Amino acid sequence: MPRQFRLWQKKRGERRTGSKLLGSVGEALFAAALFLIGLVALAALVTVQILHAGHDGARLSGWGLWLLILVFASLLLMGGVGVVYTLLQLGASVERRSEMVRRATNLELIRKAIPEPQEFLTIPHDADLTNSPGITLAYRLPIAYSPAWKLFPVLAFCLVWNGVASVLLVLAFDSFTAGRPDWFLTSFLVPYLAVGVGSIVFFVRQLVMLARVGPTSVEISDHPLLPGGRYSVFLSQAGRISVEKIDLLLVCEEEATYHQGTDVRTESRCVYEQPLFSQQGFEILPGVPFESDCEFQVPEQAMHSFRSNCNAVQWKLVVAGAAKGLPPYRRSFPVIVYPRASGNGSAGWSP
Amino acid sequence: MEPLISVALRDGKRVYHPGDTLTCEYQIDGVARDEIQAIEASVLWHTEGKGDEDLGVHYFERHTVGEVNGGDLRALRRLETRLPNSPLSYLGVVVKIRWCVRVRVFLRRGKDVVVQHPFQLGDVPAVVLEQVEQEE
């Protein structure tokens with residue numbers, strides 16, 4: 001274990017430079033200090049208010065008083081919770097802490113609030129995927145995220161950047177008309193305006209794409225899925241595009257989240273991809289969506305869906321399309337795969 | 001001197017299926033009786049790979065000196081539990097899920113010693129990296 005601090009590199013994971021016990025003691029002392037500061041400050045505030053009762057000039061009142069109470073009470077609470085939490089961490093192994101959490105989640109009150117089925121822990125609940133009946137098949141799958149949401153940050157950036165650009169442009173223009181041209185501002189403005197115009201072009205392209213590539217709908221005959229199970233899927237693609245190619249895929253992705261210093265990073269990796277359907281060279285006209293259906297089989301030995309705090313195995317149906325004059329698009333529809341029944345027949349999902 | 005912790009699965013299997021009963025025996029040697037403060041035995045899954053480790057305890061037991069007649073925690077003990085439906089053992093590319101029996105011995109001088117005995121739950125095959133790269 002390295003004994004020197006690396007100044008310019010964020011540490012990844014939970015490796016430590018130094019003693020874990022000393023670190024925990026330091027955390028407990030810091031939390032205790034916060035608690036004491038909050039306690040002393042709150043006590044002093046209350047004492048001052050009581051001692052100066054009747055002398056309005058010396059007492060605090062209104063927003064100022066409540067703000068101080070809030071700040072001091074927050075310090076008290078954070079310090080107290082920090083001390084208790086650190087002591088619990090010190091005294092208990094990681095397995096014991098996990099067991100405490102498991103017992104807490106088994107309490108009836110909390111069990112009702114947690115959507116995860118207790119007989120299939122770490123498998124996401126499928127209530128959100130089966131609450132929308134399909135028109136052709138049993139269930140209509142929700143899209144992972146709507147492409148319209150991607151427009152909002154782009155629009156916000158466009159507005160802010162070009163707003164600032166217009167102010168700077170007016171200032172530069174004024175300097176020229178006043179006979180005192182500001183060359184520094186003018187030279188700075190050239191690349192700034194270029195970025196602004198580029199952001200407008202990008203936003204308009206995204207908007208046109210959203211308008212021309214209409215909603216994508218995927219329906220499935222049954223859910224959740226089982227390894228080895230056969231299912232029907234129905235695809236509908238609306239819009240006004242000249243399609244070069246459209247594919248429907250069954251995809252399995254692994255996702256891992258890790259801490260690197262104060263950064264949180266996520267890495268995804270596709271570990272399985274099965275083409276279900278593909279068609280090329282056709283037109284989609286307004287009001288006449290492209291529709292197709294097909295059957296597929298989940299691999300016999302497929303890993304079930306899995307989700308924990310920092311790791312996940314996710315299955316999804318993916319529609320990947322390419323159209324003339326537009327960038328390629330990809331829309332994902334999550335599905336959940338349960339483990340199949342074992343040989344002894346005592347486990348596995350059954351309807 | 002470090003204690004010697006022996007952990008053995010009763011039926012000698014390494015591959016289990018959901019619903020199977022896991023029976024495991026463990027005992028401590030190589031350390032004086034009064035050196036041991038507590039023992040914890042657990043059946044758990046944990047993740048490995050790129051992501052931060054997640055852990056889930058399926059079965060847990062803890063024994064302290066005060067609970068045991070004679071105060072000797074070194075004796076042979078057995079734990080038995082019915083294995084759950086999920087998560088199954090999995091060897092992926094960036095995510096791995098492993099099951100094990102873990103025994104942790106807490107010593108009087110503040111140290112703790114851990115031994116774990118892995119086993120496989122389910123028969124999901126490992127993801128083959130070459131196939132994944134070819135598909136990409």
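To find a chain, count down the sequence lines: A is the first, B the second, and so on, and within it residues start at 1. Only a predicted model underlies this, so the values are computations on that prediction, with no experimental measurement involved.
In this structure, A/R269 and B/V93 have side chains that are in contact, with non-hydrogen atoms separated by less than 4.5 Å.
The greatest number of non-hydrogen atom pairs below 4.5 Å with chain A, out of B/I97, B/V95, B/V57, B/D54, is found for B/D54. The candidate from B/S42, B/P125, B/G56 with the greatest count of non-hydrogen atom pairs under 4.5 Å with chain A is B/P125.
Interface remark: B/L83 contributes no atoms to any contact with chain A (heavy atom separation under 4.5 Å). Heavy atoms of B/H46 lying under 4.5 Å from chain A are absent altogether. Heavy atoms closer than 4.5 Å to chain B are found nowhere in A/V101, neither backbone nor side chain. There is no contact between A/E300 and chain B, counting heavy-atom distances below 4.5 Å. Contacts between B/L88 and chain A at a heavy-atom distance below 4.5 Å involve backbone atoms as well as side-chain atoms. Using a 4.5 Å cut-off between heavy atoms, A/T257 contacts chain B through its backbone alone, with no side-chain atom that close.
Separating the CZ atom in B/R62 from the CZ atom in A/R96 is a distance of 4.0 Å, to the nearest 0.5 Å. Once rounded to the nearest 0.5 Å, the distance linking CG of A/N311 with NZ of B/K50 reads 12.5 Å. Atom CD1 of A/I123 sits about 4.0 Å away from atom OG of B/S86, to the nearest 0.5 Å. A distance of 4.5 Å separates OG in A/S93 from CZ in B/F106, rounded to the nearest 0.5 Å. Put simply, CD on A/E99 and CG on B/L55 are 11.0 Å apart, with the number rounded to the nearest 0.5 Å.
The heavy-atom pair separating A/E95 from B/R104 by the smallest distance is OE1-NE, 2.8 Å. Pairing each heavy atom of A/P339 with each of B/N85, the nearest pair is CG-O, 3.7 Å.
When the shell of 6.0 Å around CZ of A/R330 is examined, it contains 12 or fewer heavy atoms from other residues, nucleotides or ligands.
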**OP:** Could you please spell out the steps behind the salt bridge (charged side-chain N to carboxylate O under 4.0 Å, His left out) verdict for A/R340 and B/D123?
**Re:** CA-CA 11 Å; A/R340 62 177 173 187; B/D123 52 8; 3.2 Å; yes

**OP:** Could you walk me through whether B/Y90 and A/E254 pass side chain to side chain donor-acceptor pair (under 3.5 Å), step by step?
**Re:** CA-CA 11 Å; B/Y90 176 65; A/E254 294 176 10; 2.5 Å; yes

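Within residues 112-121 of chain B, no residue has any heavy atom under 4.5 Å from a heavy atom of chain A.
Partners of A/T130 according to the side-chain contact (heavy atoms from CB on, under 4.5 Å) rule, which considers only residues two or more places apart in sequence or in another chain, are A/D126, A/Y139, A/H223. With sequence neighbours excluded, the residues satisfying side-chain contact (heavy atoms from CB on, under 4.5 Å) with A/K316 are A/V251, A/E253, A/V318, A/S332.
Judged as a ring pair (Phe, Tyr, Trp, His ring centres under 6.0 Å), the pairs with a partner in residues 294-319 of chain A (not counting sequence neighbours) are, in order, A/Y231-A/F296, A/Y272-A/W315, A/F306-B/W45.
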